[in-house]
Colleague: 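Okay, here's the structure, questions in a sec.
Keep in mind it's a predicted model, so treat the numbers as computed, not measured.
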Amino acid sequence: MLDLDGFVNIVNAVGGVDVYIPVDMDYEDPIQDLYIHLKKGPAHLNGEDAEGFVRFREGFVQADIGRVNAQKIFMTAFMEKVKSSISLTNLSVLNTLVNEVIKNLTTDIPAADFVYFGKNALSVDFSNIKMMTVPGDYAGGSYVINRAATLQIINDYFNIYNTDISDAIFDKSRVFTNTESDAIHKAYMADKAAFLHEFTAEEIQDSSIDIPTKTKKDGE
């Protein structure tokens with residue numbers, strides 16, 4: 001578990017991240033102490049600005065789905081910055097980053113393991129890093145996961161066993177749906193998902209992600 005202050009500190013530890021901002025981001029929520037004011041175009045984000053970038057959703061047509069895709073863009077840019085800042089012969093940036101992560105993260109992974117996995121991660125090609133959003137559709141005022149597509153992703157990417165997890169044992173208690181709502185249950189049990197976003201970091205690096213954005217009406 002990582003808190004927001006930790007996120008800001010970790011981004012600052014690598015010297016900030018370069019991203020392309022797809023839309024003017026202007027949003028304020030004093031209750032959350034959240035103030036986002038970022039202009040469309042290429043930008044170098046420090047930790048505070050990066051927090052605003054990954055939390056913004058107001059200007060995206062698909063709201064939370066747009067925000068999750070923006071987070072994929074940020075994570076790709078962050079990994080690119082880390083890989084370009086660290087070499088296997090000079091691990092000072094990695095050690096600084098690991099120390100910052102340890103201070104702000106609740107985990108049972110030892111610090112030495114962080115360094116080990118971090119060093120090995122440097123050799124992973126971006127074509128082998130996949131980012132995806134839980135597939136689903138909007139129904140009943142909520143984003144509802146699609147059972148079939150989610151199970152397929154679990155078996156393709158997360159299943160550690162030699163045989164597939166079957167439909168019969170997946171979500172036996174139906175915690176991912178509301179059986180009292182016909183609309184939600186119908187979306188959950190649909191043959192396929194309306195939204196299925198899956199990218200490699202290489203694809204995002206090469207052409208980013210097209211995130212539909214809202215256009216302001218006259219007078220706004």
Colleague: Taking C-beta and beyond as the side chain, do Ile211 and Ile73 meet within less than 4.5 Å on heavy atoms?
Modeller: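 Sidechains of Ile73 and Ile211: in contact.
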Colleague: Ignoring hydrogens, what is the shortest heavy-atom contact between Ile184 and Ala139? Give both atom names and the distance.
Modeller: CG1-O, 3.7 Å
Colleague: Has Asn104 got a side-chain atom pairing as donor or acceptor with Glu100's backbone, closer than 3.5 angstrom?
Modeller: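 Indeed, once roles are kept as given, a pair shorter than 3.5 Å links the two residues.
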Colleague: Under a 4.5 Å side-chain heavy-atom rule over Ile, Leu, Val, Met, Phe, Trp and Tyr, are Tyr143 and Met132 clustered together?
Modeller: no
Colleague: Are Phe117 and Val82 connected, step by step, through hydrophobic side chains (Ile, Leu, Val, Met, Phe, Trp, Tyr) whose heavy atoms are closer than 4.5 Å?
Modeller: no
Colleague: Do Val124 and Phe78 sit in the same hydrophobic cluster, where Ile, Leu, Val, Met, Phe, Trp and Tyr count as joined when their side-chain heavy atoms come under 4.5 Å apart?
Modeller: yes
Colleague: Going from CD on Gln152 to CG on Asp167, what distance comes out if it is rounded to the nearest 0.5 angstrom?
Modeller: 11.5 Å
Colleague: Quick one: CD on Gln62 to NZ on Lys214, what's the gap to the nearest 0.5 Å?
Modeller: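 Here the interatomic distance stands at 11.5 Å.
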Colleague: For the CZ atom of Arg67 and the CZ atom of Arg57, what is their distance to the nearest 0.5 Å?
Modeller: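 Here the rounded value is 5.5 Å.
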Colleague: Does a side-chain heavy-atom distance below 4.5 Å link Ile36 with Asp26?
Modeller: no
Colleague: Please enumerate all residues that pass side chain to side chain contact (heavy atoms under 4.5 Å, CB included) together with Ile31, with sequence neighbours excluded.
Modeller: Asp29
Colleague: Heavy atoms, side chains only, cut-off 4.5 Å: are His197 and Val68 in contact?
Modeller: no
Colleague: Quick check for you: to the nearest 0.5 Å, what is the distance between Leu196 atom CG and Asn146 atom CG?
Modeller: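 These two atoms lie 8.5 Å from each other.
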Colleague: Mind jotting down which residue pairs meet the side-chain hydrogen bond (donor to acceptor under 3.5 Å, both in side chains) criterion with at least one end in residues 129-141? Sequence neighbours excluded, please.
Modeller: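 For residues 129-141, and leaving out neighbouring residues, the side-chain hydrogen bond (donor to acceptor under 3.5 Å, both in side chains) pairs sorted by first residue read Lys72-Thr133.
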Colleague: Side-chain contact test, heavy atoms from C-beta onward, threshold under 4.5 Å: evaluate it for Leu38 versus Phe56 and give yes or no.
Modeller: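 They are not in contact (no side-chain heavy atoms under 4.5 Å apart), so the answer is no.
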Colleague: With a 6.0 Å cut-off (strictly less than), is the heavy-atom count around OH of Tyr116, excluding the residue itself, greater than 12?
Modeller: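 Open: at most 12 neighbouring heavy atoms sit under 6.0 Å from OH of Tyr116.
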Colleague: With Asn9, which residues qualify under side chain to side chain donor-acceptor pair (under 3.5 Å), at least two apart?
Modeller: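 If we apply the side chain to side chain donor-acceptor pair (under 3.5 Å) test to Asn9, skipping adjacent residues, there are no hits.
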Colleague: Linking I/L/V/M/F/W/Y whenever their side-chain heavy atoms sit closer than 4.5 Å, directly or via other members, would Phe60 and Val134 fall into one cluster?
Modeller: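 Each belongs to a different hydrophobic cluster.
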Colleague: With sequence neighbours excluded, give me every ring-ring contact (aromatic ring centres under 6.0 Å, His included) pair touching residues 5-30.
Modeller: Phe7-Phe74
Colleague: Please check this pair: side chain of Gln71 against backbone of Val54, looking for a donor-acceptor N/O pair closer than 3.5 Å.
Modeller: yes
Colleague: Test Val17 against Val11 for side chain to side chain contact (heavy atoms under 4.5 Å, CB included), laying out the working first.
Modeller: CA-CA 7 Å; Val17 175; Val11 174; 4.2 Å; yes
Colleague: When you measure from the side chain of Ser123 to the backbone of Asn120, do you find a donor-acceptor pair of N or O atoms at a distance under 3.5 Å?
Modeller: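 Yes: the side chain of Ser123 pairs with the backbone of Asn120.
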Colleague: How would you list all residue pairs meeting side-chain hydrogen bond (donor to acceptor under 3.5 Å, both in side chains) that involve residues 38-50, not counting sequence neighbours?
Modeller: Asp18-His44
Colleague: Could you tell me if the side chain of Glu51 sits less than 4.5 Å from the side chain of Leu4, heavy atoms only?
Modeller: yes
Colleague: Which heavy atom of Gly136 sits nearest a heavy atom of Ala193, and at what distance?
Modeller: N-CB, 3.6 Å
Colleague: Taking only residues two or more places apart in sequence or in another chain, which ones pass side chain to side chain contact (heavy atoms under 4.5 Å, CB included) with Phe126?
Modeller: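 Side chain to side chain contact (heavy atoms under 4.5 Å, CB included) check on Phe126 returns Thr76, Met79, Glu80, Lys83, Ile129, Ala201, Glu202, Gln205.
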Colleague: Using 0.5 Å steps for rounding, measure from the CG atom of Leu151 to the CD1 atom of Ile165.
Modeller: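 Reported to 0.5 Å precision, the distance equals 7.0 Å.
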Colleague: For the side chain of Asp125 and the backbone of Ser127, is there at least one donor-acceptor N/O pair under 3.5 Å apart?
Modeller: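 A pair under 3.5 Å: yes.
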Colleague: Applying side chain to side chain donor-acceptor pair (under 3.5 Å), can you list everything that pairs with Asn159, at least two apart in sequence or on another chain?
Modeller: Asn155
Colleague: Who are the side chain to side chain donor-acceptor pair (under 3.5 Å) partners of Arg174, not counting sequence neighbours?
Modeller: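 Arg174: no side chain to side chain donor-acceptor pair (under 3.5 Å) contacts found.
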Colleague: Hydrophobic cluster membership, with links at side-chain heavy-atom distances under 4.5 Å among I/L/V/M/F/W/Y: are Leu45 and Leu34 in one?
Modeller: yes
Colleague: For atom CG of Asp191, decide whether the heavy atoms of other residues, nucleotides or ligands shown that lie under 6.0 angstrom number more than 12.
Modeller: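 Open: at most 12 neighbouring heavy atoms sit under 6.0 Å from CG of Asp191.
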Colleague: Are Asn12 and Val8 close enough that some pair of their side-chain heavy atoms sits under 4.5 Å apart?
Modeller: yes
Colleague: Of all residues at least two apart in sequence or in a different chain, which pass the side chain to side chain contact (heavy atoms under 4.5 Å, CB included) check with Ser142?
Modeller: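 Side chain to side chain contact (heavy atoms under 4.5 Å, CB included) list for Ser142, sorted by chain: empty.
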Colleague: Could you name each residue pair satisfying ring-ring contact (aromatic ring centres under 6.0 Å, His included) that touches residues 147-189, not counting sequence neighbours?
Modeller: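 For residues 147-189: none.
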Colleague: Which residues satisfy the side chain to side chain contact (heavy atoms under 4.5 Å, CB included) test with Ser84, sequence neighbours excluded?
Modeller: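 Checked Ser84 against side chain to side chain contact (heavy atoms under 4.5 Å, CB included); matches are Lys81.
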Colleague: How many angstroms lie between atom CD1 of Ile145 and atom CD1 of Ile153, to the nearest 0.5 angstrom?
Modeller: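 If I round to the nearest 0.5 Å, the distance is 10.0 Å.
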Colleague: Using the test side chain to side chain donor-acceptor pair (under 3.5 Å), find all partners of Glu58 that sit at least two apart in sequence or belong to another chain.
Modeller: none
Colleague: Side chains of Met75 and Met131: does their closest heavy-atom pair fall under 4.5 Å?
Modeller: yes
